[in-house]
Amino acid sequence: MDALGITVQQLLTQLVSFLILFFLLYKLAYGPIMGMLDSRAEKIKDSLEAAETARLEAASSAERVEAEIAAARVEGQKIVAEARDAASKLREQEQDRARTDVELMIERARIEIAREKEAAVEEVRKEFAGLAITAAERIVEGSLDVKSHSSLIDKVLEDGLGERKN
Amino acid sequence: MGKLLKNPKLLVIAIAGVVALLVSVAGGALGASFGLGQLGGPIPFISIPAERVAYIGSYPLLNSTIMFWFGGIILLFVAWRAGRNVKDVPSGWQNFMEAIYEFFSGTVDGVAGGEPKSGRRFLALVSTIFLVVVIINWVGILPGVGSVGRIETIEEWVHHHIHDLEEKVHEEHPEYSDKQVHGLALLHLLEEHGTDTFVAFHGIWVPLGNGEQKRVPLNKIVPFTSDELHKLEDKIKVGDKFNEDPVYLRIDQDIREGVVKEVFVGGDDKEYDFIGKTAGLLVPYLRGASTDINTTLGIAIVAMFTVQIWGFRALGVRGYGGKFVVNPIKQGPISTFVGILEGFGELTRTMSFTFRLFGNMFAGEILLIAMAFLLPLIGIIPFMGLELFVGVIQAYIFAMLTLVFGVMAVASHGDHDSHAEDH
């Protein structure tokens, strides 16, 4: 033992020194670090769980949004189609109305023209009768009385007009 | 090689390296045989017991204890910085300490069964052993440790060595007086250790180059002839009057002076004239704590004692104690014998812990001393690195074996077949 330098005194010194070091290291470092590591592990576990729930939530809400978008798209398409139908119907109506209007106007114009023509013919006939009488008066100066010969005149005129008409 | 010539920086470094190597070889032990060897360090007296450097009251303070606490204070400082304000987001020292702690936490759990926290009970001791051993190993190879110290004079040396001889003489010749015993012991000491060599100090230094070949033998510090010694011995045996004998007075005087008295022939067959220089031995003020067997034994005892506590706590007194004490009638005498062997096993483990660490670190110290002697200045550099590595490896082995023994102790009887053997 002497040759190796082992003495009880020194052995105890080193042994106790080591134990003191062990105790102090535990107090100074291991204790705080161990507690901190455990609490950190707990925290990490918690935040991982929270992240997982958040991820699931996000996924479900994304799905919901997508479905809503799809529904909106269908709705929109329907609205557009309806609008297109309505527009084409309206156009047809307008076209129809315009066509009837035009036809109506044409009809009215035709009636007007016919009436005008008749009036004009009457006027001409009246004028013509007057002219014919005047001419005949001049020819037969006094021999012919308007009142007594009116039937003759009418006959002439009717013949004349009838010829012209025909 | 072409690359080397093109790059002037590399070239300079390479040349400097070669020059350093040549200087080192020439200045070291190899050069000494060609008359050079101006740089070799002296091989100090290698003492297995740690040396006493001071007394606190009557308590002898060892140089290894100083280094133990030096390392311990460094460790405590790091621990204090790491643990005084722990945060979830670590930084600085906490990062460092945490990395070590996490590493051991993982290892301990892995060895103890793989479940998280299954090795928690081993963790504190295993990591303390690692940290303490690694720090005392590392501070032990700092420059100045082992090479700065006090001169032990010839007078002190004689005082230390004469005690055993005095006892021997006293046993052989109980009739002699104390004075006679002392005188005879002194003569025996001179006869036995006359060719022991001492370092010649130049002031407080041992200059480089005063290597092994230039150590002064004792008989050039305390000159004597065997004729003189024989005559003196006869005188001493007659009576107490011998201490007026001129030869005895001269020897006594020389021992007290402790300086080189004569020219001597060194190990390289050359004459050296160190007359007047103080001769003695270097007692280092500092010594790596793991090169003192008290330290390694102390840690080993703590480790193995704790292993027993773990065993008793896990299996109970009957469960764990039943491993060592087996009833020969119930379970057969062979089991009893095996139980006794188990008990011895715990002791041998303590011993193997002690000597493994001590042996490795002490050998490392001697290796560094030898390299300073063989290849001065540069030879020590790679071996310093090696010693740093060995320091970590030994600390790791110590810690891991403690863990393995602990795990084996807490395992119940059934799965106790596989022994991890020592390395």
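Every value quoted in this text rests on a predicted model; they were computed, and no experiment measured them. By convention in this document, chain letters (A, B, ...) are assigned in the order of the sequence lines, proteins followed by strands, and residues within each chain are numbered from 1.
The closest side-chain donor-acceptor pair between Gln14(A) and Asn294(B), if any, does not fall under 3.5 angstrom.
Within the 4.5 angstrom heavy-atom criterion, atoms from both the backbone and the side chain of Leu11(A) approach chain B. Heavy atoms of Tyr26(A) lying under 4.5 Å from chain B belong exclusively to its side chain. Neither the backbone nor the side chain of Lys27(A) comes within less than 4.5 Å of any heavy atom of chain B. At a 4.5 Å heavy-atom cutoff, the contact between Ile301(B) and chain A is made by side-chain atoms alone. Within the 4.5 angstrom heavy-atom criterion, no atom of Leu12(A) approaches chain B. Only the side chain of Arg120(B) has a heavy atom closer than 4.5 Å to any heavy atom of chain A. No part of Phe104(B) comes within reach of chain A, as not one of its non-hydrogen atoms sits under 4.5 angstrom from that chain.
Between His161(B) and His193(B), the ring-plane angle classifies as perpendicular under the 30° and 60° cut-offs. In this pair, Phe362(B) and Phe358(B) present their aromatic rings parallel. The plane angle is below 30°, not in the 30 to 60° band. Note on ring orientation: taking the six-membered ring where Trp is involved, the planes of Phe103(B) and Tyr396(B) are tilted (angle from 30° to 60°). Using bins of under 30°, 30° to 60° and over 60° for the plane-to-plane angle, the ring pair Tyr30(A)/Tyr101(B) lands in the tilted bin.
Across Asp292(B), Thr296(B), Ile136(B), Leu125(B), the residue that shares the most heavy-atom pairs under 4.5 angstrom with chain A is Leu125(B). Each of Gln9(A), Lys43(A), Gln10(A) has some count of heavy-atom pairs under 4.5 Å with chain B, and the biggest count is that of Gln10(A). Between chain A and the options Ala124(B), Ala289(B), Ala82(B), Gly298(B), the largest number of non-hydrogen pairs under 4.5 Å is found for Ala124(B).
Salt bridge annotation for Glu112(A)-Arg115(A): present, with a cationic side-chain nitrogen under 4.0 angstrom from a carboxylate oxygen.
Other residues, nucleotides and ligands contribute at most 12 non-hydrogen atoms within 6.0 Å of the CH2 atom of Trp93(B).
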